[in-house]
Amino acid sequence: MGGGGQLTEPGESGSRRAGGVYTWEEVQSHCNRNDQWLVIDRKVYDITHWAKGHPGGHRVISHYAGEDATEAFTAFHPNLKFVQKFLKPLLIGELAATEPSQDRNKNAAIIQDFYTLRAQAESEGLFKAQPLFFCLHLGHILLLEALAWLIIWLWGTSWTLTFLCSIMLATAQSQAGWLQHDFGHLSVFKKSSWNHMLHKFVIGHLKGASANWWNHRHFQHHAKPNIFSKDPDVNMLHIFVVGATQPVEASSTKLIFGPPLLIPVYFHIQIIRTMISRRDWVDLAWSMSYYLRYLCCYVPLYGLFGSLALISFVRFLESHWFVWVTQMNHLPMDIDHEKHHDWLTMQLQATCNIEKSSFNDWFSGHLNFQIEHHLFPTMPRHNYHLVAPLVHALCEKHGIPYQVKTMWQGLVDVIRSLKNSGDLWLDAYLHK
């Protein structure tokens, strides 16, 4: 579950042999930290020990403990035949013939129709990437970085040129963020190892962050979007409350808001601390190569203090770009505790789209098609607009809301959502 790392051979799953027959009630009872089962295509697997070595991190696979993980497993792994061999040692049995294929209250008709839609998308080649598209995208990032340095080197460090340099560097950083996202989701190359290698280069050397840290965090968001305790993107009580449920539940907590200007700096310090604590020396080396390159380029021009001030301002601009783009697709949507919906319903409740245009596509890294991206995380982003009509038709068939907004409406909805959450918290706090 979660294709964001290198696969290693699983250990023994336990003493059970792969001949057991189980009910959903039995499977659902194995959902704690030290005892975890899940179901894929009616086969029951004991992932208790394997979770610790899972390439996408132990949390993402643990979020499906005691559940049917078939749809998530299919969505995250571009080569299902390859990963099947890692499942075999974990197999302990299958569901009883009298048990339905879906757990809890998931809609079997929706699941079947979405399976058919995915098969159609695969047959139409929508999971095949265009190498030239990603080469050009990488080229324009490198060009922006080179031009940003060149204008300062040629014409000096005036306030006007420094501001222009900052804009160009922030643009390069944001666009590199979208590109590393492509490699991290294994959506560019057929060979996962090539995606992993380029992912480390882009997120490490071009952005100064960690590929493994991103994988372990981001795949949780995809597996359980907008679900408290499972999606790290909505567990932000140290900054603010989100949604309609969390403000009321957190009303007894005194919230401490961090200074907005320091959040990007705090964010990157946390990444570096995580790499050191996990002894992730490869990612740390990639990350340090970014800062070494940056300092070598800009310290001779600005000095150490000026260079640090410049990169802090660039991070400030980039972080706002990133947060506004990503949160206008999620923050105004349903944010709540686990409801155990099928894949299509769960993703549509947590995501919405922004209208397509050449600018919106570029500005958001095609994440204006957030619905399609969440449904098909390994699909190359240049194909989202092709599968979107099929997804929309399927949602209409089953009465699932498919929201498309203008960019402006999406940005306004973020503010409206935060205000509503704040008002709910204040009201609950004052009347507790």
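Below, all heavy atoms of this structure are taken into account, side chains as well, without hydrogens, waters or symmetry copies. Every value quoted in this text rests on a predicted model; they were computed, and no experiment measured them.
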- Task: Show the numbers, then the answer: is there a side-chain contact (heavy atoms from CB on, under 4.5 Å) between S101 and L95?
- Result: CA-CA 8 Å; S101 296; L95 291 174; 5.8 Å; no
Validation row, ring centre [X] to ring centre [Y] under 6.0 Å:
X: H222; Y: H63; answer: no
X: H196; Y: H199; answer: no
X: Y22; Y: W37; answer: yes

Please determine, by modelled atom types, if [X] and [Y] share a side-chain donor-acceptor pair under 3.5 angstrom.
X: Q36; Y: S62; result: yes
X: D46; Y: T48; result: yes
X: H366; Y: H373; result: no

For [X], give me all partners under side chain to side chain contact (heavy atoms under 4.5 Å, CB included), at least two apart in sequence or on another chain.
X: Q175; answer: H137, H140, I141, T171, W178, W321, W362
X: P232; answer: R217, Q220
X: I415; answer: W324
X: N79; answer: K81, F82

- Message: Would K224 pass as a cation-pi partner of Y64, given that its NZ or CZ must be under 6.0 Å from the six-membered ring centre and within 45 degrees of the axis?
- Response: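 Checked: cation-pi criterion met.
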Below 4.5 Å, heavy atoms only, C-beta onward: do [X] and [Y] meet side chain to side chain?
X: L348; Y: C395; answer: yes
X: I110; Y: I400; answer: yes
X: N107; Y: T345; answer: no
X: W343; Y: I111; answer: no
X: W214; Y: H181; answer: yes
X: L206; Y: L142; answer: yes
X: L80; Y: F73; answer: yes
X: R381; Y: Y384; answer: yes

- Does R104 come within less than 4.0 Å of E338, counting only side-chain N to carboxylate O?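 Not counted as a salt bridge, because no side-chain N and carboxylate O are separated by less than 4.0 Å.
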- Below 4.0 angstrom, N of the basic side chain to O of the carboxylate: do K106 and E71 qualify?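 No, this pair does not count.
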- Item | By ring pair (Phe, Tyr, Trp, His ring centres under 6.0 Å) - contacts of F313 (at least two apart) |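 With sequence neighbours excluded, F313 shows a ring pair (Phe, Tyr, Trp, His ring centres under 6.0 Å) to no residue whatsoever.
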Distance-minimising heavy-atom pair for [X] and [Y]:
X: A75; Y: L375; result: CB-O, 4.3 Å
X: I311; Y: Y294; result: N-OH, 3.3 Å
X: G208; Y: S287; result: O-OG, 2.7 Å
X: V39; Y: D68; result: O-OD1, 3.1 Å
X: V60; Y: A223; result: CG2-CB, 3.7 Å
X: M328; Y: L411; result: SD-CD2, 3.9 Å

Return the set of residues passing salt bridge (charged side-chain N to carboxylate O under 4.0 Å, His left out) with [X] (not counting sequence neighbours), or none when no residue passes.
X: D231; answer: none
X: K43; answer: E94
X: D423; answer: K419

- Where at least one partner belongs to residues 396-407, residue pairs that pass salt bridge (Lys or Arg N to Asp or Glu O under 4.0 Å), sequence neighbours excluded: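 Sorted pair list: D113-K397, K405-D413.
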- Tell me the salt bridge (Lys or Arg N to Asp or Glu O under 4.0 Å) pairs involving residues 342-371, sequence neighbours left out?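 Those involving residues 342-371 are K356-D361.
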- ring pair (Phe, Tyr, Trp, His ring centres under 6.0 Å) pairs, two or more places apart, involving residues 389-424: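 Sorted result for residues 389-424: H392-Y402.
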Taking [Y]'s backbone N and O only, do any of them form a donor-acceptor pair with [X]'s side chain (distance below 3.5 Å, no angle check)?
X: Q349; Y: D334; value: no
X: R416; Y: P332; value: no
X: T378; Y: F76; value: no
X: H330; Y: A350; value: yes
X: D283; Y: A211; value: yes
X: N195; Y: F189; value: yes
X: R293; Y: H205; value: yes
X: N32; Y: D35; value: yes
X: K207; Y: Q173; value: yes
X: E26; Y: T23; value: yes

- Item | side-chain contact (heavy atoms from CB on, under 4.5 Å) between V188 and L198, worked out | CA-CA 10 Å; V188 181; L198 267 295; over 6 Å; no
- Query: Out of curiosity, F369 CZ to N353 CG, how far, rounded to the nearest 0.5 Å?
  - Reply: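 The CG atom of N353 is 6.5 Å from CZ of F369, to the nearest 0.5 Å.
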- Message: Once rounded to the nearest 0.5 Å, what's the spacing between atom OG of S307 and atom OH of Y291?
- Response: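 So the gap between those two atoms works out to 13.5 Å.
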- Task: May I have the step-by-step check of side-chain contact (heavy atoms from CB on, under 4.5 Å) for V323 and V414, ending in yes or no?
- Result: CA-CA 10 Å; V323 169; V414 171; over 6 Å; no
Can you give the donor-acceptor pairs under 3.5 Å from side chains of residues 124-135 to other protein atoms, not counting sequence neighbours?
unit_1 : atom_1 : unit_2 : atom_2 : d
E124   : OE2    : Q120   : NE2    : 3.1

- For V242, the option from N226, L331, D233 that meets side-chain contact (heavy atoms from CB on, under 4.5 Å):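 Result: among N226, L331, D233, L331 is the only option passing the side-chain contact (heavy atoms from CB on, under 4.5 Å) with V242.
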- Derivation and outcome, side-chain contact (heavy atoms from CB on, under 4.5 Å), residues L87 and Q84: CA-CA 5 Å; L87 287 177; Q84 284 293 338; 3.8 Å; yes
